Amino acid sequence: MTVTRDDLIDFIYAEARMLDEGRYDEWLDLWLPDGHYWMPLDWKQEDPLHVTSLLYEDMFMLKLRVERLNGARTFSQKPKSRCHHVIQRPFVDEMDEAAGRFVTNTNMHYVETRLDEQFLLALTATHELKLVDGRLRIANKRVDLLNCDAAFGNIQLLP
Amino acid sequence: MARYTDNPAAVAALVRGREVHRDVYIDPEVYRLEMKHLFANTWVFVGHDSQTPNKGDYFTTQIGDQPVIMVRHTDNEIKVLYNRCPHKGTKIAIDRTGNTGKFFRCPYHAWSFKTDGCLLAIPLKKGYEGTGLEQSEGAKGMKAVGAVHNYRGFVFARLAEDGISFDEFFGDALSSLDNMVDRSPAGRLEVAGPPLRYMHQCNWKMLVENQTDTCHPMVAHESSAGTAVQIWKELGYSEDDPKPPAMEIIAPFMSPYEFFENMGIRTWPNGHGHTGVHHSIHSNYSAIPGYFEKMCEAYGEEKAKAILDENRHNTVYFPNIMIKGPIQQLRVFIPLAADKTLVESYIYRLVDAPDELTARTAMYNRMINAPTSIVGHDDLEMYERAQEGLLADGMEWVNIQRLYEEDEDFDEERVENGTTERQMRNQFNAWVKFMTASMTEKEAAE
Ligand code: FES
Ligand SMILES: [Fe+2]
């Protein structure tokens, strides 16, 4: 299978839609097993490990996070949050077909709501994608919040 | 109508042995009095001196609701100044950190000040000749807080000019800070990156109380820690299998009541106290290769063991911080309104210790205390529900009587069953003491 720019862009849109619709099993299945979802705390942060990040989650933590959302005693999700992504057309920054490795850069507005509260985050998502057994998968995802250094209330779902 | 201002008896009556009145959490007048009295009379955490390593480095923050600048003066000492130009009030610095060189220069009319606050120069000064500027408050420069104490890198300040000394205020409670710093083979900590900043729509004291609330983890955190344990079992592991760091951190939150009962709580005078006297959720972290050897080199084996065997859980330094010695974390609960609190969670690197320790500390911070943390979500949900629930007029008192005893004496250090709410009562005892210490009684004229 050859990967086109459109395939990459469609992938990013489809991922956002899965998150908006809460199709988390499908979403987890997009990931390669040793991937990390990184949301830095600092602007242009370089080190995910030795200073604090907002998120730096492996598959175990991501699975825990999404399973918790449906738990019988998950009181912060009674009632549930909802989210909504508005994404700009992704840039394809790297396209290494021989290695089956691709990097996209996507600006988006992320809206999350629960009860009477709603907030907006402007962010840039960087996806490292890999072609494995004829399927595009997420190798790593980095989400840079425009206001990463601001004080936030709960951010319960995933940009 | 002011009910509590200039009325120490009314303030003291908000705290009874077994319960406190809801006004301590929801009343804006009580909040303003806390800012004026409690946060002025106590020693409040400002920052760590590694945040301002070089002369002229500064850090802006607040003590209660008072904007302050912590700065390293030309003599290398840390000064804490009100962040207010003595001319017309402009904040001198608003970036969180920076370097000002040898002096501050106000951006409005360029009055300048040495880094200890003293007035350095005023442009076109002849305009003040013969106006009696020398007698004005402004001519003295930026005002310093009442007193500053740098304890092994941790900078505390008392806004009030007079009052309790640093040593008397903290007493033996400093042993928790000592243990945190001693865990560095060099006896020194360095701040690691910026803090998490997490906004809470609740009163600041709910957070302080939660630090020694050992009956909530297995309930409120069942959703996160319980699910983690569940997934772990589904993956085919048992309780005794070695766990990855994330599981080491989160699984102990599901420990049974007996675990928390047996861990013990110690209270010290003036509202300080800690959980985890005998063991804690931090006791069973796996050893990091090379660390113990470095500690032995620095302290000798016996002392190194003693330092590392101390696994205190949360130490509350009244009024508004907590530290976790075993993982070098400090959280400050900054009051913004009766129903609004900013929580900043800092982590520190142990100088001369392996980087893996910092990695575990950073992992703990983001997993447990971030606005994106599932454990954080569990807690904040409870605080905010409580803040709203307290508006119910049917009941006005909040219960804090678990393991209450008649005639509790908070001036003596005590170790009790780890599920006692004695530390919460200890905090409220200190709350009354420092709220009313500088309060004058108004003649009841009306
Ligand atoms: S307000 Fe600062 S110099 Fe005028
Ligand atoms: Fe908690």
Side-chain angles (χ1 to χ4, degrees), chain A residues 28 36-81 110 112 114-117 119 121 143 145 147-159, chain B residues 96 191-201 219-232 234-235 244 246-247 250 329 334 336 342-347 349 355-367 369-374 376-382 384-385:
Chain A
L28 286 175
H36 279 90
Y37 184 127
W38 182 22
M39 188 187 285
L41 172 64
D42 205 1
W43 188 242
K44 299 197 172 153
Q45 185 174 331
E46 283 171 11
D47 179 355
L49 288 177
H50 302 93
V51 291
T52 309
S53 298
L54 286 161
L55 294 172
Y56 188 68
E57 307 220 323
D58 61 7
M59 288 313 292
F60 177 82
M61 286 302 297
L62 288 175
K63 190 168 158 45
L64 165 57
R65 177 174 292 275
V66 302
E67 286 214 0
R68 174 186 171 276
L69 291 173
N70 289 320
R73 289 182 175 159
T74 303
F75 301 109
S76 78
Q77 284 297 300
K78 289 173 179 295
K80 288 195 175 305
S81 304
Y110 170 83
E112 188 177 305
R114 180 171 177 254
L115 291 163
D116 293 332
E117 299 292 327
F119 62 88
L121 297 173
V143 171
L145 303 183
N147 62 342
C148 56
D149 47 4
F152 301 107
N154 279 348
I155 302 172
Q156 296 207 57
L157 302 182
L158 286 162
Chain B
R96 291 198 185 108
V191 71
L196 289 163
R197 304 180 69 240
Y198 195 174
M199 196 63 84
H200 286 51
Q201 306 299 328
V219 182
H221 298 306
E222 185 184 340
S223 87
S224 43
T227 306
V229 172
Q230 190 62 37
I231 294 175
W232 183 248
E234 283 164 15
L235 290 170
M247 270 302 284
I250 202 166
Q329 184 200 39
I334 302 174
L336 301 180
L342 171 61
V343 185
E344 294 193 331
S345 300
Y346 287 91
I347 55 168
R349 176 185 311 119
D355 279 350
E356 289 93 323
L357 283 156
T358 320
R360 177 156 67 201
T361 292
M363 177 184 268
Y364 190 97
N365 211 24
R366 69 173 181 264
M367 272 180 64
N369 296 122
T372 36
S373 146
I374 54 179
H377 299 159
D378 293 336
D379 282 323
L380 180 53
E381 177 72 12
M382 297 310 134
E384 294 187 344
R385 286 191 192 201

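Just so it is clear: chains get the letters A, B, ... in the order the sequence lines come, proteins before strands, and each one is counted from 1. Quick caveat: nothing in here was measured; it's all calculated off a predicted structure.
Contact record, B:Arg197 with A:Asp149: NH1-O, 3.1 Å, taken as the closest heavy-atom pair. Closest of all the heavy-atom pairs between A:Gly153 and B:Pro371 is O-CB, 3.3 Å. Minimum heavy-atom separation, B:Arg366 to A:Leu55: CD-C, 4.2 Å. Residues B:Ala228 and A:Phe60 come closest through the heavy atom pair O-CZ, 3.9 Å. Between B:Asp378 and A:Arg68, the shortest heavy-atom contact is OD1-NH2, 2.8 Å.
Looking only at side-chain heavy atoms (C-beta outward), B:Ile250 and A:Leu64 come within less than 4.5 Å of each other. For the pair B:Met367 and A:Met61, the minimum side-chain heavy-atom distance is below 4.5 Å. Considering only heavy atoms from C-beta on, A:Asn154 stays 4.5 Å or farther from B:Glu384 through its side chain.
Proximity to chain B among residues 40-47 of chain A is limited to A:Leu41, A:Asp42, judged by heavy-atom separations below 4.5 angstrom.
Distance check: A:Glu67 CD to B:Ile231 CD1 gives 4.0 Å after rounding to the nearest 0.5 Å. Note: B:Thr372 OG1 to A:Tyr56 OH = 15.0 Å, rounded to the nearest 0.5 Å. To the nearest 0.5 angstrom, A:Glu57 atom CD is 7.0 Å from B:Ile374 atom CD1.
Between the side chain of B:His377 and the backbone N or O of A:Phe75 there is no donor-acceptor pair closer than 3.5 Å.
Per-residue heavy-atom pair counts under 4.5 Å with chain A were compared for B:Ala246, B:Ser345, B:Gly376, B:Ser224, and the maximum is reached by B:Ser224. Residue with the most contacts toward chain A among B:Val343, B:Thr358, B:Leu235, B:Leu357: B:Thr358 (heavy-atom pairs, distance under 4.5 Å).
Every residue two or more places apart in sequence or in another chain that forms a side chain to side chain donor-acceptor pair (under 3.5 Å) with A:Thr52 is listed here: B:Asn365.
Contact annotation for B:Ile347: only side-chain heavy atoms (C-beta onward) come within less than 4.5 Å of a heavy atom of chain A. Heavy atoms of B:Pro195 lying under 4.5 Å from chain A belong exclusively to its backbone. For B:Ala192, the parts lying near chain A are the backbone and the side chain together; criterion is any non-hydrogen pair under 4.5 Å. For B:Leu342, the part lying near chain A is the side chain, with the backbone staying farther off; criterion is any non-hydrogen pair under 4.5 Å. Heavy atoms closer than 4.5 Å to chain A are found in the side chain of B:Arg385, but not in its backbone.
Using a cut-off of 4.0 Å between Lys/Arg side-chain N and Asp/Glu carboxylate O, B:Glu381 and A:Arg114 are scored as salt-bridged.
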